[in-house]
Structures are given as C-alpha cells and as structure tokens.
Amino acid sequence: MMRDHLLLTSCQKRRIFVHTFGCQMNEYDSLRLVRTLLLRGYVTTTKPSEADVIFINTCSVRAKAEQKLYSLLGRLKRLKDQRPNVVLIVGGCVAQQLKGAIVERFPFVDIVVGTRGISELPDRIERVFELRSREVFFPDEETSLGLNHLDVASTNWSAEVVEFVTIMQGCDNFCSYCIVPHVRGRERSRPSHEIIEEIRMLSAKGAKEIVLLGQNVNSYGKNLSPPVRFSELIERIASETDIIRLRFTTSHPKDLTEDLMACFRDISILCPHLHLPFQAGSDRILSMMNRGYTQLDYIKKVERIRSYRPDIALTADVMVGFPTEEEKDFRETLKLIEIVEFDGLFSFKYSDRPFTVASSMGPKVDERTKTRRLAELQKLQKDITFRKNRAEEGTIRTVLVEGESRLGSGQLTGRTPHNRIVNFEGPKELIGKEVAVRITEGYAHSLKGELMMENKL
Ligand code: SAH
Ligand code: SF4
Ligand code: F3S
C-alpha cells in the first residue's frame, strides 16, 4: 500500500531537463529555476526524452553560440512532435535578443523568457500546464534576483561544494564588440546584505567556496545608496560568513583598484587567482574596442597586483580577428601573452553581433586568418600553461575536494587555491574538505596528485 502510494507520487512528479549555454551567470539562473521547481515538487532528469519541462538557457555572445541553439531546437522539434505536452522554454540572451521572433521561427516553443524573467518562470510554467497558453515575456527588472527565497531546511535541494552568487546584473561598459549590455541591460548591484544572507544560507547547506559573479564585479556597488566598494563587500563576506574560499569573476582592468588588489594580500579566504580579460594587445585595437586601457596600462596593473600577491594566478579572455586587425596588431597580442605569462587563457575568434558598434566596422578579417591566428595564440599559451603545470610537480597544495573525478576509478577532483584542477585517489568522505595533496604530474589542463598521509600542511 505504502509502496503504491510512493510510486504514484513519484510518477506524478514533473520532470525538468535543463540545457545551459554561455557564462556562469546563465548557470546560476538555470540553477535558481531548478531549485525553485524542486521546492515545488519537480524532479530533474538528464534525458530530454523523459522530461515534462525543457528549459534551454541561451547565450548570444558569439555567432557560434546562437547557431548551437538553432541546431538544438531542430532536434527538440522532433521530440515535441512526439510528445506535444512537453513545455518547451527558451530563455537567456538569445531570447532577449530575438524576442517574439523566436516563436515566429520556432512555433513549437511554449515559453520565451528574457534575461530578467527567471523568478516569474515557475508560475508561467504552471499556466502553460493549466491553460496550454503561450507565454512570451521580457521584464525590464527582476524583483527577486537570488536564491534567498529558498528554504534552507528543505531536503529537496542541497548545495554544491562550490556555489556561484550573482552580485550584479548587466553591464555599462559597451565594449564595441559585445552584445551583453544589450541583452542583459544596465548595471545593477544587489544589496550587500542580500548577498551575505545568500552566502550564509548556501554555507548552511554545505557550500565551502563561493564565486561572486558579475560582468564587471570591480564596479560593484556604485549604484547602491550609499555606494559600497567591491573590496568592502569582500571584507564583509570574509568576516560575516564561514565559507573557506572566495573567488570572483569577471574583472575589468580599468576598474581594478588598489584597495581590491590589497584584498589578495590581506584577506586569507580570497583565493590567489584573478581572471582579468585583456581582449587584445594592440593599443589601436583596444581603443576601437572601447576598453579604456592600453597594453602598458594592462602590464602595469599586472605588475601592481603581483606586488601585492607575487604568486597570483592570472587568466584572461582574448580574441583574434577584430575588424581591421593586422598581423602587427596580432603580434602585439602575442607579445602581451609572453610578457604576462598567463596561467590559462580563453581565446575566441571575433564574430559580428547584432546591436554592436564593431559589427559595422571594417574591413573584417577573413575566417582563415582568424583560424590561423587563434591556432598560433593557443599553441603559445598551451606551452606556457604546460610549463607552469609541470612546475607544480613536487609541491604540496591545499585542495578543496569538489567531487568524484570524471576519470572514474575512485579518483577525486578538486582545485588548488590558484584554481588548478587536481585529480587524486582518495575516499569520498573527503568531498567538501580541504586536504593536502602532493602534486606528482602536471598535464596540459590539470594536475595529478597524491593525498598526503597526515592531511595537513
Ligand atoms: N564581462 C566579461 C566577459 C563577457 S563575454 C568581460 O568583460 O571580460 C566573455 C568573452 O567573450 C569576452 O571576454 C570576449 O573575449 C568574448 N566575446 C565577447 N563578444 C565577442 C564577439 N563579438 N566575438 C568573439 N568573442 C566575443
Ligand atoms: Fe561585454 Fe565589455 Fe561588458 Fe564584458 S565589460 S560584458 S566584454 S561590454
Ligand atoms: Fe552569453 Fe549572455 Fe553570458 S550572451 S556570455 S549568456 S551574459
């Protein structure tokens, strides 16, 4: 009897499948939707064919990202033909970019939601189930941004070892190539107390490390009244919560202030890793990109931050093939990479995006040249990263264990404070703990290690 009852309820539970493209902010938005739905009795599934609700959270930052959505929607059309009751949702930055055009082009989509509609989404999904309505909405503002509404006591969701917290939305920088300010709107910071409460709640649920998210976290708090500095927020998090590691992303070089750099020296929970995109090495291109700094400014910032924290790991975003980029401009990008010696780079081929100033700049760089430049740049960086990873061999690092490694066979995975991934053998009970690991091998993208016997440094 009891068993039947349980079976019935689990069958009735709606299953949600989520596919997220793009940045960590999209990941965070997807997660806050999922967690809200879990509290309403939904369950998650990894198979779209079994789902009652499918949420596609889209990214529009490069042309390729947009194309990926279209091929996915093509596949989902077949699924929707077979199971018409599935609620198919397109959200995120492409939804905001194309607005109503999504349903004109893909009439089988049930809900189109803009970048500020996540908190409204659960009720809209219910409406579709009840009324089979079509919901297309693009709010200008979102009333509830974070996860603060979630019930800490609920067993329906648990925190990961590493959790993300969005501290601000939108961007006011208008880099000439970038669609983000157009689809994410103006820069808005969340009040500090709300962020602190969210971190406390996640920590109570077992989170150990928090990554603060924003397109340009360095300008956090400028629009709050009274204004709050980003370094003040970091200090508050360090003193008012009990998380053991803190990171943030992304930083804009022009807003990287001395007080923030000093945090890397003074605040022990702040990990020695900074993601500081530079985008290009040529001053002419940087100016056309509207980045607000020169190559020399960037190098000086790097020297400055290294004076506060000599061992800091640096990563960045960079692109090749911005309109008018010549070979000598590209050489400046390579030069900057050689001077700074980044620990890792995310590198992209420039592509035209709607609404942006750069899309009407020319002449454009042809695809073959972009491909060649990207390959050359990636080769240079690969060698640097590999060399740095090899230099880790023999060191003992404190690793926060995040989970079981995808490599399988009883391996655990975690990160060093410098954000290097380490795989090593150990018992699952260590997940969520900081342990001492001796690094035995450095590879291109990760490290291999050995758990130290006493487990302390
Ligand atoms: N706010 C972050 C980055 C957001 S987008 C920052 O300012 O650093 C992530 C990366 O995508 C950018 O850093 C840039 O390198 C890349 N990107 C943005 N627009 C692009 C475009 N039109 N073509 C190719 N890459 C782009
Ligand atoms: Fe885009 Fe520039 Fe804003 Fe980053 S800072 S999101 S690259 S406009
Ligand atoms: Fe992409 Fe939107 Fe993030 S365009 S990078 S998902 S803000």
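Everything numeric in this text was worked out from a predicted model, so none of it was measured. Note that ligands are numbered from 1 as they come in the structure, with each ligand's atoms numbered from 1 the same way.
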Report the part of F174 (side chain from C-beta onward, or backbone N, CA, C, O) that has a heavy atom under 4.0 Å from ligand 2; answer both or neither where that applies.
-> backbone

Hey, are K370 and E367 close enough for a salt bridge, meaning a charged N less than 4.0 Å from a carboxylate O?
-> yes

Answer with yes or no whether R291 contacts ligand 2, where contact means a heavy atom under 4.0 Å from a ligand atom.
-> yes

So, is the end of the K301 side chain (NZ or CZ) under 6.0 Å from the ring centre of Y293 and within 45° of the ring's axis?
-> no

Are there more than 12 heavy atoms of other residues, nucleotides or ligands under 6.0 Å from atom CZ of R390?
-> no

Protein contact of atom 5 (S) of ligand 1 - nearest heavy atom, named by residue and atom, plus distance | V61 CG2, 3.7 Å

Quick one: does H252 get an N or O within less than 3.5 Å of an N or O on ligand 1?
-> no

Decide whether an N or O pair under 3.5 Å exists between Q215 and ligand 1.
-> yes

Among all protein heavy atoms, pick the one closest to atom 4 (Fe) of ligand 2 and tell me residue, atom and distance.
-> Q215 O, 4.3 Å

So do K64 and K349 actually touch side chain to side chain, heavy atoms under 4.5 Å?
-> no

Can you tell me if H275 has a non-hydrogen atom under 4.0 Å from ligand 1?
-> no

Is any protein N, O or S atom closer than 2.8 Å to atom 1 (Fe) of ligand 3, and if so, which?
-> C59 SG

Exactly one of R127, R134, K80 clears salt bridge (charged side-chain N to carboxylate O under 4.0 Å, His left out) with D110, and that residue is K80

Could you find the nearest protein heavy atom to atom 8 (S) of ligand 2 and give me its residue, atom name and distance?
-> C175 N, 3.3 Å

Structural part of V180 in contact with ligand 2, heavy atom criterion under 4.0 angstrom = side chain

D343 side chain to T315 side chain, donor-acceptor N/O pair below 3.5 angstrom | no

Let me see the working for E303 and K300 under salt bridge (Lys or Arg N to Asp or Glu O under 4.0 Å), right down to the final yes or no.
-> CA-CA 5 Å; E303 279 170 2; K300 281 189 176 153; over 6 Å; no

Give the minimum heavy-atom separation between I196 and R236, together with the two atoms involved.
-> CD1-CB, 3.7 Å

Would you mind telling me if ligand 2 is within reach of the side chain of P277, the backbone, both or neither, using heavy atoms under 4.0 Å?
-> neither

Less than 4.0 Å between a side-chain N and a carboxylate O, is that true for K77 and D81?
-> yes

Atom 17 (N) of ligand 1 [closest protein heavy-atom partner, distance rounded to 0.1 Å] = R62 NH1, 3.6 Å

Of all protein heavy atoms, the one nearest atom 14 (C) of ligand 1 is Q279 OE1, 3.4 Å

Polar side-chain atom of E163 near backbone of E160 as donor-acceptor pair, under 3.5 Å = yes

What protein heavy atom sits nearest atom 3 (Fe) of ligand 2, and how far off is it?
-> C171 SG, 2.3 Å

Ligand 1 versus Y177: contacting region, heavy-atom distance under 4.0 Å = both

Looking only at heavy atoms, is any part of S351 under 4.0 Å from ligand 1, and if so is it the side chain, the backbone, or both, or is it neither?
-> both

Salt bridge or not for R32 and E142, using N-O below 4.0 Å?
-> yes

Under 4.0 Å to a heavy atom of D317 - the qualifying atoms of ligand 1, by number = 9 (C), 10 (C), 12 (C), 13 (O), 15 (O)

Determine the interplanar angle of the F17 and H19 rings, folded into 0 to 90°, and report it as parallel if under 30°, tilted if 30 to 60°, perpendicular if over 60°.
-> tilted

With atoms numbered from 1 as shown, which atoms in ligand 2 lie under 4.0 angstrom from a non-hydrogen atom of P181?
-> 8 (S)

Nearest non-hydrogen protein atom, atom 7 (S) of ligand 2 = Y177 OH, 3.3 Å

Which residue owns the protein heavy atom closest to atom 8 (O) of ligand 1, what's the atom, and how far is it?
-> P277 CG, 3.0 Å

Decide if atom CG of D140 counts as having more than 12 heavy atoms of other residues, nucleotides or ligands within a radius under 6.0 Å.
-> no

Test of proximity, Y350 against ligand 1: N or O pairs below 3.5 Å = no

Which residue and non-hydrogen atom of the protein lie closest to atom 5 (S) of ligand 2, and at what distance in Å?
-> N173 ND2, 3.3 Å

Give the atoms of ligand 3, by number and element, whose distance to some non-hydrogen atom of Q215 is under 4.0 Å.
-> 7 (S)

Residue, atom name and distance, where the atom is the protein heavy atom closest to atom 1 (Fe) of ligand 2 | C178 SG, 2.3 Å

Given that the side chain starts at C-beta and the backbone is N, CA, C, O, which of these parts of R353 lies under 4.0 Å from ligand 1, counting heavy atoms, or is it both or neither?
-> side chain

Mutual orientation of the aromatic rings belonging to F322 and Y177 [parallel < 30°, tilted 30-60°, perpendicular > 60°] | perpendicular

Qualifying residue for side chain to side chain contact (heavy atoms under 4.5 Å, CB included) with F248, from V211, V217, I237 = V217

Residue portion contacting ligand 1 (non-hydrogen atoms closer than 4.0 Å) for T250 | side chain

Angle class for the Y42/F129 ring planes (parallel below 30°, perpendicular above 60°, tilted otherwise)?
-> tilted

Per side chain to side chain donor-acceptor pair (under 3.5 Å), E325 is matched among R373, K364, R284 by R373

Output yes when E376 and K379 qualify as a salt bridge under the 4.0 Å nitrogen-oxygen rule, no when they do not.
-> no

